[in-house]
2 protein chains.
Amino acid sequence: MSSSSAAPAAKPPMREALVAAAFRLFVERGYEQTTVDDIVALAGVGRRSFFRYFPSKEDVVFPDHERCLAEMTAFLAAGGAEHEPVRRVCDAARLVLRMYAENPAFSVQRYRLTKQVPGLRAYELSVVWRYERALAEYLRGRFVGLPDGTLRADVVAAAVVAAHNNGLRSWLRSDGEGDAGAAVDHALGHVQKVFGRSATAAAAPRVNPVPIGAPAEDPDDVVVLACRRDTPLWRVVRELERAFDRT
Amino acid sequence: MSSSSAAPAAKPPMREALVAAAFRLFVERGYEQTTVDDIVALAGVGRRSFFRYFPSKEDVVFPDHERCLAEMTAFLAAGGAEHEPVRRVCDAARLVLRMYAENPAFSVQRYRLTKQVPGLRAYELSVVWRYERALAEYLRGRFVGLPDGTLRADVVAAAVVAAHNNGLRSWLRSDGEGDAGAAVDHALGHVQKVFGRSATAAAAPRVNPVPIGAPAEDPDDVVVLACRRDTPLWRVVRELERAFDRT
């Protein structure tokens, strides 16, 4: 670790030193056996300095989530009507992935620690919940006026978080080997395919649902749908839903 | 409350008495201001009796989740290959709703309490997480061998939980007025439409995707799909995915 003071560091060095000391002790002694006093002694600072940066011992385990939540909220707020909503929340989720991928060794260490300590697991769940609410709030805004707008928003937000975490955890389980971005992109691609516009389809070709026969309630009616191959699946599904509901 | 001892009660009366005493004090004094000693004093039992039923003060707020989790796990384990998997996890989620709907006044009281006390919110998130994992584990088993089986399982489980909670919370916010079952059925119906077989389609009519033209990568290719009107949307989407991916 450099002690250069020529250029201001992006993060306060004391904060970094506290995180490094804490993780060294958590790994050596275990999380429960490490006190805040132990951490500040190793970092060579006072207790008050610790609590200036971290409200509790748990917070030092997740030093970057508050910053990331703020980034995500700002990113979503900066989105306009031109951004396809499902794509936008997938991109927002990628900000979380980037935070993990910036420091693979630290992320893997924390993953192992979190699996062992129920209190940290609970803390992580509450952080995940805040990310999910940020995505859902954004989507609720974008889905205003749609039928079941809040329901759809909540469901898509939960699906995006689950897919992100599926990709993230498979990377963490591989000890940070492999490509975190590719794992999460694949998982989020699945969600976009189910709910949103495909990433490759910038334009939105027209979908022509052509229900054949009388619009009766006969389930034997045949529905014929014709569309260009590059039509985003979400548009096909939306048109199909309309066609099917029109009985 | 009856003190009859003629027939054995379904739940131990002491357990019920502890829950009733706890909630009376939580409402009167606030959760944080109520101690386990206060609760046992009001219920007229000793501290040891409290801890025989509840590991902590938090657990008395959610007295039925362990039972409900066990019921859900048993219900899922009892499912066979004849049960459509998404439908099955939706039905499993309805067990949670039933627990809430059995006692509207208690559920609404707890909802308000949980919103006020961060520790209870964290506890609830960990319970919700356990429900979600139970659903996901079941789906992972059912989706073995499918492409992206674990990813799909995680995403569907998260979507089901989000939809259930959307319906449940709208009912709780209405102070337990209205039809909890209808709210949750509607929300779960949305998820089934996106991911699963529609509840009304017991049989599974064949879907015939007919990509017209050479199977080239030209996005101008037209895909024509014909299917019976009562085809479950999930089957149509699956066939469309295949047709679209076949380029």
Side-chain angles (χ1 to χ4, degrees), chain A residues 118 121-123 125-126 128-129 132 136 148 150-163 165-167 169-170 186-187 190-191 193-195 198 200-201 205 211-213 215-231 233 236-237 240-241 243-244 246-247, chain B residues 118 121-123 125-126 128-129 132 136 148 150-163 165-167 169-170 186-187 190-191 193-195 198 200-201 205 210-213 216-231 233 236-237 240-241 243-244 246-247:
Chain A
R121 184 82 200 108
Y123 186 103
L125 286 175
S126 72
V128 171
W129 172 251
E132 188 172 322
D148 291 322
T150 68
L151 172 61
R152 282 167 191 246
D154 289 359
V155 167
V156 171
V160 167
V161 167
N165 288 346
N166 179 287
R169 278 195 292 267
S170 74
H186 176 77
H190 171 70
V191 171
K193 207 150 68 167
V194 173
F195 292 105
S198 97
T200 53
I212 294 208
E217 298 209 14
D218 185 354
D220 284 320
D221 277 354
V222 170
V223 173
V224 175
L225 175 124
C227 57
R228 278 166 47 132
R229 188 182 289 281
D230 64 344
T231 307
L233 199 57
V236 181
V237 171
L240 273 171
E241 281 184 287
F244 280 33
R246 210 182 299 168
T247 53
Chain B
R121 184 83 200 109
Y123 186 103
L125 286 175
S126 71
V128 171
W129 173 249
E132 188 172 321
D148 292 322
T150 69
L151 172 60
R152 282 168 192 247
D154 289 359
V155 167
V156 171
V160 166
V161 167
N165 287 346
N166 178 287
R169 278 195 291 266
S170 75
H186 176 77
H190 171 70
V191 171
K193 205 151 67 167
V194 173
F195 291 106
S198 97
T200 52
V210 189
I212 294 209
E217 298 208 15
D218 185 352
D220 284 320
D221 276 353
V222 171
V223 173
V224 175
L225 176 125
C227 57
R228 278 165 47 132
R229 187 183 289 278
D230 66 342
T231 306
L233 199 57
V236 181
V237 171
L240 273 171
E241 281 185 285
F244 278 39
R246 209 184 299 170
T247 51

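Order of the sequence lines fixes the chain letters, A, B, ..., with proteins taken first and strands second; residue numbering starts at 1 for each chain.
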For chain A, which candidate among [options] shows the most heavy-atom pairs at distances under 4.5 Å?
options                                : value
B/Ala157, B/Ala158, B/Ser170           : B/Ala158
B/Val156, B/Val128, B/Asp154, B/Asn166 : B/Asn166
B/Ala136, B/Ala187, B/Pro118           : B/Ala187

B/Val194 side chain near A/Val194 side chain, heavy-atom distance below 4.5 Å: yes

Side chains of A/Val191 and B/Val155 in contact at under 4.5 Å (non-hydrogen atoms): yes

Chain B contact via A/Ala122 - which portion, at a heavy-atom distance below 4.5 Å: neither

Which portion of B/Ala163 sits near chain A, non-hydrogen atoms under 4.5 angstrom: both

